[in-house]
There are 2 protein chains.
Amino acid sequence: MADIKYEIKENIGALSESPKGWKKELNLISWNGKEAKYDIRDWSPENEKMGKGITLTVEELKKLRDMLNEMNL
Amino acid sequence: MADIKYEIKENIGALSESPKGWKKELNLISWNGKEAKYDIRDWSPENEKMGKGITLTVEELKKLRDMLNEMNL
């Protein structure tokens, strides 16, 4: 991951936290100086290391929101 | 990915589709015969190939839903 530059523009919130302190977070992140995207990913304490994750556009996030609201969670 | 067994228990919906027909989908998937988890991932047409993605528990999905509802999307 050393070659990837990123900047966390906004920390929206954590979905969960593991016993070792890793958090699954929703953030708004700019990767390599590009336009920021929403991102769901695991992070170590203090956001030092990142795990696997996905990026989502605003449109995808809206659709996800509507989908989740229609589910009986 | 050849060694991973999975079964799509429920196809909840697609968040987007790429020009090549890959879809970012929310599914309920059982990996290696274990208890099914929610999963956001890219899939090729007919779900033949999978891309990177994340798995989410019901609790994480609930939190994500509440978080998205509080955002001005």
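Proteins come first, then strands; the chains are lettered A, B, ... in the order of their sequence lines, and each starts at number 1.
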Are A:Tyr38 and A:Leu64 joined in one hydrophobic group, where the rule is that I, L, V, M, F, W and Y side chains link up if heavy atoms are under 4.5 Å apart?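 Same cluster: A:Tyr38 reaches A:Leu64 through Ile, Leu, Val, Met, Phe, Trp or Tyr contacts under 4.5 Å.
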
Verify same cluster id: B:Trp43, B:Ile40 (apolar side-chain graph, 4.5 Å):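 Shared cluster, no.
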
Taking all atoms of both residues into account, what is the closest heavy-atom pair of A:Met67 and B:Leu15, and its distance?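 Taking every non-hydrogen atom into account, CE-CD2, 3.8 Å.
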
If you take all heavy atoms of A:Asn69 and B:Arg65, which pair is closest and at what distance?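 Where A:Asn69 meets B:Arg65 most closely, the heavy atoms are OD1-CG, 3.4 Å.
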
Within the 4.5 Å heavy-atom criterion, are B:Arg41 and A:Ile54 side-chain neighbours or not?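 Result no, sub-4.5 Å side-chain heavy-atom pair not found.
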
In terms of heavy-atom pairs under 4.5 Å with chain A, which of B:Lys63, B:Met71, B:Glu60, B:Glu59 leads?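 With the most close heavy-atom pairs to chain A, the winner is B:Glu60.
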
Using a 4.5 Å heavy-atom cutoff, which residues in residues 21-34 of chain B come close to chain A?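 The stretch touches chain A at B:Lys24, B:Leu26.
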
